[in-house]
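Since the structure comes first, as structure tokens, the remarks are kept for the end.
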Amino acid sequence: MRARAVAVRLRPRSALTVGLVSLAGLVAFGWPLFVAPGAGLTQAGPASWLFVLLLPLLLLVALAEISEGGVDAKAVALLGVLAAIGAALRPIGTGVAGFEPMFFVLVHGGRVLGRGFGYLLGSVTMFASALLTAGVGPWLPFQMLGAAWVGFFAGCLPRLGGRGEVAMLAGYGAVAAFLYGSLQDLALWPFATGVSTSIAYVPGAAVTANLGRFVAFDLATSLGFDVPRAVTTAVLVAVTARPVLLALRRAARRAAFEAPVDFRRP
Amino acid sequence: MKGSRPLHPGAWWLWALGLATAATRTASPLLLLLVVAATGLVVAVRRTGDPWAGSYAVFLRLGVLVVVVRVVFWVVFAAPAPGPVLFTLPSVTLPDWMAGTRIGGPVTTDGLRAGLYDGLRLAAVLVCLGAASALASPSRLLKAVPGALYEMGVAVVVAMTFAPQAVTHVRRVRAAHRLRGRPDRGLRAVRGLVMPVIEGALERSVELAAAMDSRGYGRAAAVSPARRRATAGLTLAGLVAVCAGLYGLLGADTPAALGAPVLVPGLVAATAGLWLGGRRSPRTRYRPDPWRWPEWAVSACGLAAAAATAAGTRTGTPPLPAAALVLALAAALLSSPSRREAG
């Protein structure tokens with residue numbers, strides 16, 4: 001129960017930009033679910049590639065808008081170092097089904113340092129780890145946006161202390177990891193199935209019908225990864241919560257974000 | 001290719017995106033294989049010994065996986081397709097809430113071929129992007145980020161520098177735990193490991209921030225209020241237009257004027273806002289990568305391949321795209337600038 005540090009201040013303008021980009025991002029993830037039958041974009045090919053090209057640009061605009069004026073040297077250094085930890089943890093998870101150890105850094109970082117910082121931390125961590133593991137591909141913008149949301153909403157959680165906070169963060173970690181996995185599947189869906197298999201989306205069908213098809217696709221492919229990922233993320237968040245939150249809060253206090261700087265002669 | 005300077009990474013990305021566009025515009029498996037072969041040859045000739053050069057092989061394997069997965073999907077979840085039936089799998093129909101999906105059933109040659117070609121197209125696009133990430137150096141690409149993203153570029157560079165150090169740090173702490181007879185694997189060990197690693201990292205970040213501050217990091221040029229307002233206006237108006245354009249493209253009864261005619265100006269406005277926002281950064285670049293005729297040639301070849309494939313598919317002249325692909329190959333191979341010319 002203490003005052004929350006705000007490492008990166010979200011001005012109203014930045015918040016508006018983040019909201020608009022998130023709206024467009026939601027469309028980029030979920031367009032197969034609610035595309036209309038007579039729309040200009042029903043064919044699988046051009047529509048999927050349109051969003052692959054569109055999303056990086058929108059993400060760059062959002063990152064530039066947040067970082068304009070709001071990011072000082074301390075925030076950049078913290079961002080870089082925490083992203084390094086997340087990126088270094090990522091290769092550990094490749095051998096185990098769905099295990100994604102970097103999420104606990106995002107959850108704790110967003111919780112302690114605020115939503116703007118969480119948003120930046122998610123995207124920078126994903127980008128750096130993609131560069132380090134040679135994973136730059138069409139999936140990267142989707143992963144960056146998903147991870148940014150994980151960090152952002154961790155910074156939006158209500159104030160709570162003690163055991164309640166640990167339980168809340170662990171629960172949030174499980175939900176966020178599961179939703180992240182489902183969203184990535186949703187982005188993969190039109191690419192993986194084409195338009196004419198029985199688990200592919202049907203342009204113009206009701207949302208519920210397409211959702212049923214998506215659940216079938218999800219069961220066939222990656223639900224076996226999403227559930228273990230949610231469980232391991234919750235366990236990891238709960239185990240590391242106390243020491244990591246303490247260390248981050250201490251660092252945030254030492255960094256003294258938002259301390260007024262005055263260069264006038266006394 | 002002794003003595004050649006590396007090309008600007010942007011040129012390789014433009015070339016690869018052009019080839020990838022060409023791959024999405026064609027349905028011919030022969031052309032798709034030609035695209036894969038062209039990227040393979042260029043990567044084999046022009047790649048360096050850097051660690052990221054190995055990513056082409058990773059993407060090639062991923063492409064094979066994509067083809068296999070796509071074909072398996074077509075076989076297992078086959079929709080009824082015309083053509084002679086190859087074999088019939090036992091079939092199950094899922095309950096209604098899963099949209100009555102049918103699993104199994106007859107597999108026809110047409111369905112199998114369609115799955116194979118679709119997978120091949122996706123694989124060709126992936127291989128093109130793999131070629132770009134094998135040929136273009138990520139650190140040079142980070143140097144070329146627009147000024148508005150300078151802070152994020154620095155954060156990524158910091159992350160990429162510190163990540164190997166974090167791994168060494170973890171190894172050192174684990175060794176220390178082992179020597180003291182404490183557990184060094186399992187959940188219990190995680191707690192003991194995380195604490196020293198995070199503390200060490202945060203300590204380093206404070207030092208780094210002090211070093212950056214003392215070297216004058218974060219100085220911004222004075223930006224006039226008019227320009228700031230213009231940046232904000234362009235960015236926000238652009239994003240609103242993009243959202244409206246997407247709505248127009250995906251909705252059924254929306255007027256046609258709300259689709260691409262709104263989306264494209266919105267994108268242009270948002271990009272202009274990004275560029276204008278970069279003007280606040282007064283930094284100069286240390287040894288910037290030049291953009292000379294080899295860069296022009298390489299990127300023009302990629303884009304020519306895309307344009308020729310689109311034109312060839314529309315008019316139905318297969319030799320045109322094939323010739324464009326050969327051109328893409330030739331220019332990428334020949335345009336190896338010498339050091340002397342790079343000055």
Side-chain angles (χ1 to χ4, degrees), chain A residues 13 16-17 20-21 23-24 27 31 35-41 45 49 57 60-61 63-65 67-68 71-74 76-81 83-85 87-88 124 127-128 131-132 134 136-138 191-194 196-199 209 212-213 215-216 239-240 243-244 247 251 254, chain B residues 24 52 55 58 69 73-74 77-79 94 97-99 101-102 118 122 126 129 133 138 148-149 151-152 154-156 158-160 162-163 166-167 187 190-191 194-195 198-199 201-202 204-206 208-209 212-213 217-218 232 235-236 239-240 242-243 246 249-252 259 270 274 277:
Chain A
R13 206 176 98 196
L16 197 58
T17 312
L20 284 172
V21 169
L23 187 67
V27 175
W31 65 270
V35 61
L41 275 186
W49 295 114
L57 183 67
L60 291 187
V61 170
L63 293 181
E65 192 59 43
S67 60
E68 192 198 330
V71 183
D72 60 353
K74 288 172 289 197
V76 166
L78 255 182
L79 198 58
V81 168
I85 294 177
V124 168
F127 190 72
L131 286 186
L132 284 171
V136 181
F191 290 100
T193 59
S196 45
T197 46
S198 63
I199 51 171
R213 283 164 168 262
V215 171
V239 167
T240 58
V244 174
R254 278 181 63 193
Chain B
T24 58
W52 57 83
S55 66
V58 177
V69 166
F73 270 158
W74 270 92
F77 301 102
L94 294 182
W97 58 272
M98 274 189 190
T101 304
R102 195 193 50 162
D118 258 12
L122 200 54
L126 282 182
L129 297 181
S133 51
L149 287 161
E151 287 91 352
M152 293 302 102
V154 172
V156 172
V158 170
M160 285 174 64
F162 274 101
V167 173
L187 208 57
V190 169
R191 215 168 179 165
V194 160
M195 192 57 200
I198 293 256
E199 267 302 340
L202 294 177
R204 244 174 292 156
S205 83
V206 173
L208 180 67
M212 283 162 74
D213 265 337
Y217 167 87
T235 309
L236 288 179
L239 287 178
V240 169
V242 165
C243 287
L246 287 180
L249 278 181
L250 294 172
L274 198 62

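Quick caveat, the model's predicted, so the values are computed rather than measured. Note on naming: letters A, B, ... go to the chains in the order of the sequence lines (proteins, then strands), and numbering restarts at 1 for each one.
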> What residues, two or more places apart in sequence or in another chain, satisfy salt bridge (charged side-chain N to carboxylate O under 4.0 Å, His left out) together with Arg254(A)?
Replying inline: Glu203(B)
> Between Ala148(B) and Ser67(A), what is the shortest heavy-atom contact and its length?
Replying inline: O-OG, 3.7 Å
>> Need one label for Val206(B): side chain, backbone, both or neither, based on atoms under 4.5 Å from any heavy atom in chain A.
In response: side chain
>> To check you understand the geometry: which heavy-atom pair defines the closest contact between Val81(A) and Val158(B), and what is its length?
In response: N-CG1, 4.0 Å
> Quick one: what part of Leu57(A) sits under 4.5 Å from any heavy atom of chain B, side chain, backbone, both or neither?
Replying inline: side chain
> In terms of heavy-atom proximity below 4.5 Å to chain B, should Val27(A) be classed as side chain, backbone, both, or neither?
Replying inline: side chain
> What pair of heavy atoms forms the shortest contact from Thr235(B) to Glu65(A), and how long is it?
Replying inline: CG2-OE1, 3.9 Å
> Do you know which of Leu23(A), Leu63(A), Leu60(A) has the most heavy-atom pairs under 4.5 Å to chain B?
Replying inline: Leu60(A)
>> For a quick test of reading the model, state the closest non-hydrogen atom pair linking Cys243(B) to Leu20(A) and the distance between them.
In response: SG-O, 3.7 Å
> With respect to chain A, which residue among Ala166(B), Ala232(B), Gly277(B) yields the maximal number of heavy-atom pairs within a distance under 4.5 Å?
Replying inline: Ala232(B)
>> Less than 4.5 Å apart, side chain to side chain, heavy atoms only: is that true for Pro138(A) and Leu129(B)?
In response: yes
> Do you know which of Leu208(B), Leu126(B), Val69(B), Val156(B) has the most heavy-atom pairs under 4.5 Å to chain A?
Replying inline: Val156(B)
>> So, taking the atom named CG in Asp72(A) and the one named CD in Glu151(B), what distance separates them when rounded to the nearest 0.5 Å?
In response: 10.0 Å
> Nearest heavy-atom pair of Ala247(A) and Ile198(B): which atoms, and what distance?
Replying inline: CB-CG2, 4.1 Å
>> I need the residue from Val240(B), Val242(B), Thr24(B) with the largest number of non-hydrogen atom pairs under 4.5 Å to chain A.
In response: Thr24(B)
> Leu122(B) versus chain A, heavy atoms under 4.5 Å apart: side chain, backbone, both or neither?
Replying inline: side chain
> Can you tell which of Val61(A), Leu16(A), Val21(A), Val76(A) has the highest number of heavy-atom pairs within less than 4.5 Å of chain B?
Replying inline: Val76(A)
> Where is the tightest heavy-atom contact between Ala84(A) and Ala159(B), given as atom of each residue plus distance?
Replying inline: CB-O, 3.4 Å
> Contact part of Thr17(A) toward chain B, heavy-atom cut-off under 4.5 Å: side chain, backbone, both or neither?
Replying inline: both
